[in-house]
2 protein chains.
Amino acid sequence: MESYKQLFNEYIAMYRPYINKLNALLASYNLTTAQWSIMFLIFREGAKTIGDISLYQNVEKPTTTKLVQKLIDLGYVEIHVGNDKRVKIVQLSEEGAKVYGQVREKIDHFQKGLSEGISEEERLVVARVLKEISSKL
Amino acid sequence: MESYKQLFNEYIAMYRPYINKLNALLASYNLTTAQWSIMFLIFREGAKTIGDISLYQNVEKPTTTKLVQKLIDLGYVEIHVGNDKRVKIVQLSEEGAKVYGQVREKIDHFQKGLSEGISEEERLVVARVLKEISSKL
DNA sequence: CCTCATTAGTTAGTTAGGGAAACTAATTAT
DNA sequence: ATAATTAGTTTCCCTAACTAACTAATGAGG
């Protein structure tokens with residue numbers, strides 16, 4: 001099989017097993033991957049509006065609204081209105097920051113385990129190539 | 001950021017844009033990525049039972065049942081009962097094989113475009129690393 | 001200042017894909 | 001012959017996604 005086909009095949013083949021394991025890991029915090037991914041974003045990049053989150057995540061705003069609503073229910077994020085009273089700025093709550101740290105540890109451990117035996121160079125090649133492909137999408 | 005984090009971040013970031021483009025490309029054949037992925041499997045590996053398909057795809061059998069049902073409705077696959085009358089063997093229909101070829105061409109073109117500028121070695125590294133990670137999942 | 005267009009977010013309704021539990025029918029083992 | 005197992009289906013539910021239509025706030029042009 002041509003190398004580009006191998007690449008995309010392996011890419012797709014890995015997705016469901018990976019997400020399932022991740023969801024299993026998140027389940028004890030009542031989180032799903034989609035919700036976690038928003039927490040991760042606002043941890044890394046700081047407070048963000050619903051619109052910004054949607055852009056970063058490549059989803060429509062209604063999807064973000066609902067995920068953020070769940071995170072509010074869980075007490076992991078809080079919202080404040082901006083100067084422009086239409087926008088809602090989402091950030092981690094104190095509880096959310098605590099949970100973030102705990103989950104982050106678990107995920108680190110999980111991901112480290114998966115990358116054992118893969119050299120630093122190879123990891124960087126994979127990260128760079130995937131980023132390069134993303135940029136064309 | 002540590003290299004393993006970069007790897008998994010880029011992996012996740014690429015998923016939705018990639019699947020969306022793929023679905024857009026498949027839409028003219030009334031196919032979705034999940035359905036296509038079954039056609040791809042039985043093209044590569046030959047006729048397969050519902051159970052085998054579920055194993056390969058890492059999904060539960062009810063999911064496969066439904067996807068295969070759609071493919072039958074579309075006329076792209078057909079089923080015949082095995083010696084064991086419980087099993088249903090799924091294979092591409094004549095129409096399905098024709099459509100497979102057409103779609104394959106489009107996807108090849110799409111994937112080739114995305115992998116332009118990525119060297120053969122790099123492609124193989126990515127494929128191998130992703131496969132290695134999959135094997136641990 | 002009004003009016004009107006635009007923007008941010010929400011609501012309502014739909015869809016695809018997935019899973020668990022309970023089922024039927026066929027097969028295998030005791 | 002009966003019991004256990006297996007293959008696939010049905011039913012019912014969930015998550016994550018979308019579009020279309022909405023509300024409320026802002027901003028621009030007259």
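Lettering follows sequence order; numbering is per chain, from 1.
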Verify, without hydrogens or angle tests, whether A:Arg123 (side chain) and A:Ile118 (backbone) share a donor-acceptor contact under 3.5 angstrom.
yes
In numerical order, the residues of residues 73-88 of chain B whose heavy atoms come under 4.0 Å of DNA chain C are B:Asn83, B:Asp84, B:Lys85, B:Arg86
From the options B:Tyr100, B:Tyr76, B:Tyr29, select the one residue that forms a ring-ring contact (aromatic ring centres under 6.0 Å, His included) with B:Trp36.
B:Tyr100
Has B:Gln6 got a side-chain atom pairing as donor or acceptor with B:Met1's backbone, closer than 3.5 angstrom?
yes
Ignoring hydrogens and angles, answer whether the base of C:dG19 and the side-chain atoms of B:Lys66 contain a donor-acceptor pair closer than 3.5 Å.
yes
Does any residue of residues 55-65 of chain A have a heavy atom under 4.0 Å from DNA chain C, and if so, which ones, in number order?
A:Lys61, A:Pro62, A:Thr65
Please identify each residue that fulfils ring pair (Phe, Tyr, Trp, His ring centres under 6.0 Å) with B:Tyr15, with sequence neighbours left out.
A:Tyr15
So, does A:Asn30 use its side chain to make a donor-acceptor pair with the main chain of A:Leu74 at under 3.5 Å?
no
With ring centroids as reference points, do B:Phe110 and B:Tyr18 lie under 6.0 angstrom apart?
yes
Residues A:Arg128 and B:Glu122 bridged, charged N to O under 4.0 Å
yes
At a 4.0 Å cut-off to heavy atoms of chain B, the contacted part of DNA chain D spans D:dT6 to D:dC18
Less than 3.5 Å apart, any donor N or O on the side chain of A:Thr64 or A:Gln57 sitting next to an acceptor on the other?
no
Taking atom NZ as the centre, does A:Lys131 end up with more than 12 heavy-atom neighbours from other residues, nucleotides or ligands that are less than 6.0 angstrom away?
no
The remaining residues in the hydrophobic cluster of B:Tyr4, counting side-chain heavy-atom contacts under 4.5 Å among Ile, Leu, Val, Met, Phe, Trp and Tyr, are none
Residues in contact with DNA chain C, drawn from residues 15-54 of chain B - heavy-atom cutoff 4.0 Å:
B:Thr32, B:Ala34, B:Gln35
Taking the side chain from B:Asn23 and the backbone from B:Thr32, do they hold a donor-acceptor pair closer than 3.5 Å?
no
On the ring face of B:Phe40, is B:Arg104 found with NZ or CZ under 6.0 Å from the centre and within 45° of the axis?
yes
